[in-house]
Amino acid sequence: MSNFNIALLPGDGIGPEVVAEGVKVLDAVGARFGHEFTYTEDTVGGAGIDAYGVALRDETLEMCQEQDAVFFGAVGGPKWDDPGAPVRPEQAILGLRKGLGLFANIRPVKMYDFLVDSTALKPDVVRGVDMIVLRELTGGIYFGQPQRQWEENGERHVVDTLAYAEHEIERIVRVGFELAQARRKKLTSVDKANVMASSRLWRAVVLEVAPDYPDVEVEHLLVDACTMHLISRPGDFDVIVAENLFGDILSDEASMLAGSMGMLPSASLGARSRDGTGLGMYEPIHGTAPDIQGQGIANPIAQILSGAMMLRLSLGLEAEAAAIEAAVDAVLAAGHRPADLAGPDDRPKGTAAMGDLIVAALA
Ligand code: NAD
């Protein structure tokens with residue numbers, strides 16, 4: 001029996017509700033395949049502010065650094081919404097990304113057949129969409145210096161800086177190639193190389209790295225064109241890789257292709273070891289959904305699929321990850337629907353009931 005150590009950070013709102021189902025499913029897959037998961041739980045986000053005055057304590061970060069992976073719910077809510085407040089729930093996420101060196105954000109976007117009518121796009125356009133948006137997370141214009149505003153000749157001026165070092169581009173691009181190799185072997189690199197120096201280096205690095213992955217087809221798209229192609233031909237994409245700002249925008253656009261927030265997992269990865277695994281943080285892309293908190297109706301699938309990504313990318317448990325994904329598919333194929341996906345004729349299942357069904361499908 002192998003043992004893995006997992007930091008559990010449920011956070012606020014529906015976070016604890018969906019994390020409980022994620023843990024239920026992880027334990028079930030552990031029992032089936034002979035693994036034990038040892039969880040160390042801590043309080044972050046708004047709950048952390050209430051308990052300790054900060055969204056993320058130093059000891060919480062240190063605890064996470066010692067684990068094999070971090071399983072995260074969501075943070076925030078109306079109680080802590082004051083934009084001027086010096087401590088804010090999302091500081092937990094930013095602090096974990098920085099403190100754990102998580103530079104690659106992976107968001108798979110998969111369209112389930114039964115959801116094709118629930119997006120704003122035509123069913124024929126979105127049917128079969130199955131892509132990953134890979135976003136660089138720790139560099140670029142959100143962090144570059146100088147970043148400031150000043151007065152000159154009686155008017156306000158402002159500057160943001162988009163800075164990258166070559167190694168920061170190379171490591172994220174290699175993650176993109178490796179993800180593509182394990183999928184349909186197509187990588188779309190997004191930049192604005194016709195006008196931006198940072199994008200010209202980005203494209204040069206992609207071209208230099210590409211020969212190491214001869215089985216992967218590379219496509220270069222300007223970011224403005226990419227936003228259009230995502231809407232007009234989303235089924236053509238396999239893995240999209242982009243720097244921080246472009247990736248932030250494209251990953252939100254792509255998430256709208258899938259029809260529901262409650263279905264989309266994510267992973268944030270740092271440096272990989274030789275076997276391809278390494279510490280990562282796994283969380284649904286949705287927030288704390290204060291409007292449905294405490295009602296037992298939140299869809300736990302995004303959290304459960306984040307658990308599958310954790311098994312695959314941090315623990316190296318591919319068969320176990322695939323078993324969870326297959327169980328989710330089977331439960332949905334059998335017609336069970338959480339409230340956010342239920343049609344007028346469906347009897348929606350609650351959060352815990354969906355978790356139980358997925359556990360049963362695993363057996
Ligand atoms: P949200 O994702 O929490 O909710 C948007 C809508 O989607 C709501 O109607 C909600 O009920 C629904 N929804 C979301 N997840 C669902 C699920 N699993 N099942 C069923 N329905 C679901 O976004 P928001 O309302 O803009 O933000 C609410 C709070 O969450 C804010 O405080 C925000 O800052 C925070 N937030 C946190 C994260 C994070 O922790 N990563 C991400 C986004 C928002």
Side-chain angles (χ1 to χ4, degrees), residues 7-22 24-25 42-50 55-56 60 70-85 87-98 100 102 105-107 109 112 115 118-120 135 137 247-249 251-252 255-256 258-268 280-307 309 328 331-332 336-343 346 348-355 357-358:
L8 216 55
L9 306 177
D12 307 312
I14 64 166
E17 301 171 32
V18 292
V19 165
E21 300 313 308
K24 198 192 266 181
V25 171
D42 211 337
T43 305
V44 295
I49 293 173
D50 288 353
L56 177 71
T60 308
V70 179
F71 198 46
F72 190 93
V75 292
K79 185 177 175 191
W80 309 280
D81 253 359
D82 174 7
V87 285
R88 296 181 46 77
E90 58 270 23
Q91 287 166 348
I93 300 175
L94 300 176
L96 284 161
R97 283 179 185 168
K98 189 164 184 289
L100 301 177
L102 307 177
N105 183 246
I106 300 176
R107 278 199 194 181
V109 178
Y112 290 84
L115 280 174
S118 61
T119 82
R135 165 190 170 193
L137 212 48
D248 192 6
I249 296 166
S251 58
D252 268 20
S255 70
M256 287 296 96
S260 172
M261 300 273 277
M263 302 293 287
L264 297 176
S266 80
S268 299
M281 180 161 111
Y282 300 85
E283 56 181 316
I285 73 154
H286 63 70
T288 56
D291 51 338
I292 57 166
Q293 173 186 355
Q295 298 177 29
I297 59 170
N299 180 355
I301 292 177
Q303 187 78 50
I304 289 168
L305 291 175
S306 300
M309 293 185 80
V328 169
V331 167
L332 294 170
H336 302 294
R337 299 282 182 269
D340 58 329
L341 307 181
D346 294 321
K349 297 280 187 297
T351 311
M354 282 305 295
L357 285 162
I358 292 164

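Numbering of ligands and ligand atoms starts at 1, following listing order.
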Could you check whether any side-chain heavy atom of [X] comes within less than 4.5 Å of a side-chain heavy atom of [Y], counting everything from C-beta outward?
X	Y	answer
Arg337	Leu332	yes
Val25	Val328	no
Tyr112	Leu341	no
Val331	Ile301	no

Quick test of your reading of the structure: of Ile292, Asn299, Asp291, whose heavy atom lies closest to atom 21 (N) of ligand 1?
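Considering heavy atoms of Ile292, Asn299, Asp291, the nearest to atom 21 (N) of ligand 1 sits in Ile292.
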
Have a look at Ala339, Pro300, Gly287 and point out the one with the heavy atom closest to atom 1 (P) of ligand 1.
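Selected option, by shortest heavy-atom distance: Gly287.
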
What atoms in ligand 1 come closer than 4.0 Å to a heavy atom of [X]?
X	result
Ala74	40 (O)
Asp340	19 (N), 20 (C)
Met261	2 (O)
Ile93	39 (C), 40 (O), 41 (N)
Ala298	19 (N)
Gly76	32 (O)

Contact check: [X] vs ligand 1, nitrogen or oxygen atoms, below 3.5 angstrom:
X	value
Pro290	no
Gly77	yes
Gly73	no

Are there protein heavy-atom neighbours of [atom] below 4.0 Å?
atom	answer
atom 6 (C) of ligand 1	no
atom 40 (O) of ligand 1	yes
atom 19 (N) of ligand 1	yes
atom 14 (C) of ligand 1	yes
atom 9 (O) of ligand 1	yes

Can you give the donor-acceptor pairs under 3.5 Å from side chains of residues 261-268 to other protein atoms, not counting sequence neighbours?
unit_1	atom_1	unit_2	atom_2	d
Ser266	OG	Glu283	O	2.9
Ser268	OG	Asn105	ND2	3.1

Can a salt bridge be assigned to the pair Asp248 and Arg107 using a cut-off of 4.0 Å between side-chain N and carboxylate O?
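Looking at Asp248 and Arg107, the cut-off is not met.
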
Could you tell me whether Lys79 and Asp50 have a side-chain N and a carboxylate O separated by less than 4.0 Å?
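Answer for the salt bridge query: yes.
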
Under 4.0 Å from ligand 1, counting heavy atoms only, is it the side chain of [X], its backbone, both or neither?
X	answer
His286	both
Glu283	side chain
Thr288	both
Val18	neither

Report all side-chain donor-acceptor pairs from residues 286-295 shorter than 3.5 Å, counting only partners two or more places apart or in another chain.
unit_1	atom_1	unit_2	atom_2	d
Thr288	OG1	Gly76	O	3.0
Gln295	NE2	Asp291	O	3.1

Which heavy atom of Pro300 sits nearest to which heavy atom of Val18, and what is that distance?
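Scanning both residues completely, I find the closest heavy atoms to be CA-CG1, 3.7 Å.
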
Determine the minimum heavy-atom distance between Gln303 and Phe72, stating which atoms define it.
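Answer, listing the atom of Gln303 first, then Phe72: NE2-O, 3.0 Å.
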
Testing Val87, Ile49, Val75 for side-chain contact (heavy atoms from CB on, under 4.5 Å) with Trp80, which one passes?
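The side-chain contact (heavy atoms from CB on, under 4.5 Å) with Trp80 is passed solely by Ile49 among Val87, Ile49, Val75.
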
For the pair Lys24 (side chain) and Ile358 (backbone), establish whether a donor and an acceptor sit closer than 3.5 Å, ignoring hydrogens and angles.
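Not confirmed, Lys24 side chain does not pair with Ile358 backbone.
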
Could you tell me whether a side-chain N or O of Ser251 sits under 3.5 Å from a main-chain N or O of Gly247, the two making a donor and an acceptor?
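Indeed, once roles are kept as given, a pair shorter than 3.5 Å links the two residues.
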
Tell me, which protein residue and heavy-atom name are nearest atom 37 (C) of ligand 1, and how many Å apart are they?
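Looking only at protein heavy atoms, the one closest to atom 37 (C) of ligand 1 is Val75 O, 3.0 Å.
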
